[in-house]
Amino acid sequence: MDFFVDHAVLFALLSAAVAIVYGLYLTWWLLKQPAGNEKMQEIAAAIQEGAAAYLRKQYTTIAMVAIVPFFLLGFYDKLGWGTAIGFLIGAVLSGAAGFIGMNVAVRSNVRTAEAAREGLQPAFTVAFRAGSVTGLLVVGLGLLGVAGYYGVLTDWVGNSPESAVFDLVGLAFGGSLISVFARLGGGIYTKAADVGADLVGKIEAGIPEDDPRNPAVIADNVGDNVGDCAGMAADLFETYAVTAVAVMLLGIQFEATSLWLYPLALGGISILASVIGTLFTRVRTGPNAIINALYRSVLVATVLAALGFIPVTMAYDNAEFGFWNLYGSALIGLAVTFLLVAITEYYTGSRWHPVKEIARASQTGHATNIISGLAVGMQATALPVLVIATGVVGAYYAAGEQLYGIGVAVMAQLSMTGLIVALDAYGPVTDNAGGIAEMADMPEGVRRVTDPLDAVGNTTKAVTKGYAIGSAGLAALILFDEYGRGLREEGLALSFTLDDPWVIAGLFVGGLMPFLFASLAMQAVGRVGGQVVEEVRRQFREDPGIMEYTSRPDYSRAISIVTGSAIKEMMLPALIPVAIPIIVGIIRPEMLGGLLIGTIVTGIFLAIAMTSGGGAWDNAKKLIEDGLYGGKGSDAHAAAVTGDTVGDPYKDTAGPAINPMIKIANIVAILLIPIIASIHG
């Protein structure tokens, strides 16, 4: 068992290679599946073209922005080129995970629709395998980047483990910066297109969702992929990488048995468990067969990971941390994962009371739907936060009153990232499959397969966001500790206490950051969505033949509007987690410490309220569209569409983007330590 200590980096790299190779195999298998008739392929090609054009423009813009921090990190002598190159590696791998996963998704949607001709299981298999490619790439590239760069720095460059781990902070910063742009840009794109399509198509024109007469319908389908596939991949890549680096930073403080390598070994075991878990997703009979099949894969992987952690933990058993100190913390992390998934499923799943309550409230109008949805979102924060708080305290005491136990718990929690991302990326594939079936006028039996797949996708996307938010909060706590420790090493022995007015001022400034960030993101969706509404109205007004099927809408115009506007609108909110910590840190290091805690606390609550509330609004609309309270065209349906439209930027733009915002603020604070020490030392 000393293998997991002596060769932890090698084991992590081999496990990462398994994930990447298996992802490539699944891609090869997916591309072999039939892609349907000529009309289906024409629609799919339009989605592919729109998604590729947007990501090219987004990544070109991000690359131009990233040049500045790359050279700043490199030329600053207290950080240097090791940190700068790490930044570049993190940024490239984060972008690659999203770009490759999205490209697989936009080629799998039409294959899912074609497979739906054969029944539920074939369509489900195609959609889930497409999602699995993204999930496996996220964890594979994440572990490859962290373990690989650490190995290069220690074995080839000759850096000490302490120096190598600190340079990995640059890698975490690169992943986080890409993530916040991808989350914001993709989220603004997808929800502006969705809002524009729904407001004019469903409410004003009275045509179905995904109707080919809607000029915004292709942009809407493109948005599902750039937001929920590429955006979520970048988000959880950085969460995974940042957490691994944060736990390594904690572990480097202890001398015993190379404890900083423990998270790499845990990540390797989890990848192998996740690959096996993807094989246990056959749809069985029953009313909840689809979602049960998805959760079965997560459950199998969780159990296998828990078993695999045993020999790894035995190898790292030492005088400071015994077996049960470490393994107990890891089990707490797995338990937190299970509970966060279950709670988010309860508040956003269509079979549970909260969603049914929103649907019921829709009978009495738009206002009562909005009130009910807001209430569900706020209520949905209670149980997850209590679980996180309990997990923090439990892991701390399990590890003998050491913060490292919290780090182990978070790393174990993120061990399921591969499958959780697979559940999320499955969503846009099934959503697009239903849209292609509608636009290509496929048989009604196909929609009877794609619709339930899509409905489950709405829930799994919400579950993924809840999982990401919980892990982001815990990871940020570890990064905050590193900020304080780094200041102490530079000779600034500070304590962040509530009798210090600077700390209190920082708490208030940090507390407002998620609200300001979210408001700017919401306003961006409103502005761009308004442009789409005007464009769709213009086309309907100037070309009556569109509604009569005698003219083809100009899909490219709507795509062009959201592509250009989303890129422009993402810039201002993305500056908040970078600029404000720099300004505050220069003013006072104690104030920056307060800011970090304030951002973590309010950010978790706001993000959970937005993502859970938005997911519940969406599924309440789906319930009514399935025939409840009058079905499509009823007053209840109109109210539910309004709620869903409000919830869209909540759950797919502002809420999820708070995750990387929290962590960027903490990483910037760590990178600022040498500058702060030179100013205030």
Side-chain angles (χ1 to χ4, degrees), residues 34-51 105-120 122-124 126-127 190 193-225 228 426-458 532 536 539-540 546-555 558-559 618-619 621-622 624-627 631-633 637 640-641 644-645 648:
N37 57 40
E38 184 177 344
K39 189 173 184 180
M40 294 168 63
Q41 292 181 38
E42 179 185 345
I43 296 165
I47 296 171
Q48 292 167 25
E49 183 180 337
V106 296
R107 284 162 177 76
S108 301
N109 49 20
V110 67
R111 290 167 169 82
T112 301
E114 179 64 19
R117 295 181 190 270
E118 306 299 321
L120 182 63
F124 173 84
V126 173
T190 181
D194 198 358
V195 166
D198 282 356
L199 286 179
V200 184
K202 284 185 177 181
I203 295 178
E204 295 182 12
I207 59 179
E209 187 173 6
D210 296 318
D211 192 298
R213 292 172 291 179
N214 193 325
V217 71
I218 297 295
D220 187 10
N221 281 275
V222 169
D224 290 330
N225 294 285
D228 276 318
Y426 155 95
V429 173
T430 56
D431 194 338
N432 276 200
I436 290 170
E438 181 78 29
M439 287 183 278
D441 198 25
M442 295 180 73
E444 186 63 30
V446 171
R447 286 308 303 249
R448 284 197 294 269
V449 171
T450 59
D451 282 352
L453 290 174
D454 181 24
V456 168
N458 284 327
V532 177
V536 175
Q539 292 198 33
F540 282 155
I546 291 175
M547 293 298 291
E548 298 168 5
Y549 292 102
T550 58
S551 298
R552 186 175 184 271
D554 184 1
Y555 300 122
I559 292 173
D618 195 342
N619 273 338
K621 180 201 69 174
K622 293 285 186 186
I624 294 174
E625 287 180 343
D626 288 341
K632 293 181 180 179
H637 181 236
V641 170
D644 179 40
T645 305
D648 274 341

At what distance, to the nearest 0.5 angstrom, does [atom1] of [X] lie from [atom2] of [Y]?
| X | Y | atom1 | atom2 | value |
| --- | --- | --- | --- | --- |
| N619 | D626 | CG | CG | 9.5 Å |
| I546 | Q539 | CD1 | CD | 5.0 Å |
| N432 | T112 | CG | OG1 | 9.0 Å |

Tell me the closest heavy-atom pair linking [X] and [Y], and the distance in Å.
| X | Y | answer |
| --- | --- | --- |
| A51 | V106 | CB-CG1, 4.1 Å |
| N214 | Y555 | O-CE2, 3.4 Å |
| A113 | I436 | CB-CG2, 4.4 Å |
| N109 | A44 | OD1-CB, 4.3 Å |
| I47 | V222 | O-CG2, 3.5 Å |
| V536 | A216 | CG2-CB, 3.8 Å |

Taking only residues two or more places apart in sequence, or in another chain, which ones meet [X] in a side-chain hydrogen bond (donor to acceptor under 3.5 Å, both in side chains)?
| X | answer |
| --- | --- |
| Q48 | none |
| R117 | E114 |
| N37 | none |

Excluding sequence neighbours, so at least two apart, what forms side-chain contact (heavy atoms from CB on, under 4.5 Å) with E38?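 With neighbours one apart ignored, the set is empty.
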
Sequence neighbours left out, what passes side-chain contact (heavy atoms from CB on, under 4.5 Å) with A35? Give chain and number order.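 Listed in chain order: Q41, V110, R111.
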
Is there a side-chain contact between [X] and [Y] in this structure, where contact means two heavy atoms from C-beta onward sitting under 4.5 Å apart?
| X | Y | result |
| --- | --- | --- |
| M442 | M40 | yes |
| K632 | I624 | no |
| T450 | D431 | no |

Looking at residues at least two apart in the chain, or sitting in another chain, which of them share a salt bridge (Lys or Arg N to Asp or Glu O under 4.0 Å) with R213?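 Result, salt bridge (Lys or Arg N to Asp or Glu O under 4.0 Å) vs R213: D211.
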
Give a yes or no answer on whether the side chain of E625 reaches the backbone of H637 with a donor-acceptor pair at less than 3.5 Å.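 Here the side-chain-to-backbone pair does not exist.
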
Backbone N/O of F124 and side chain of Y426: donor-acceptor pair under 3.5 Å: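 Answer holds: no.
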
Between the side chains of D454 and K622, is the shortest nitrogen-to-carboxylate-oxygen separation below 4.0 Å, so that they form an ion pair?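 Judged by the 4.0 Å cut-off on N to carboxylate O distance, K622 and D454 do form a salt bridge.
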
Report the C-alpha separation of L120 and L453 in whole Å, then their side-chain angles, then the decisive distance to 0.1 Å, and conclude whether the side-chain contact (heavy atoms from CB on, under 4.5 Å) test is met. CA-CA 8 Å; L120 182 63; L453 290 174; 3.7 Å; yes

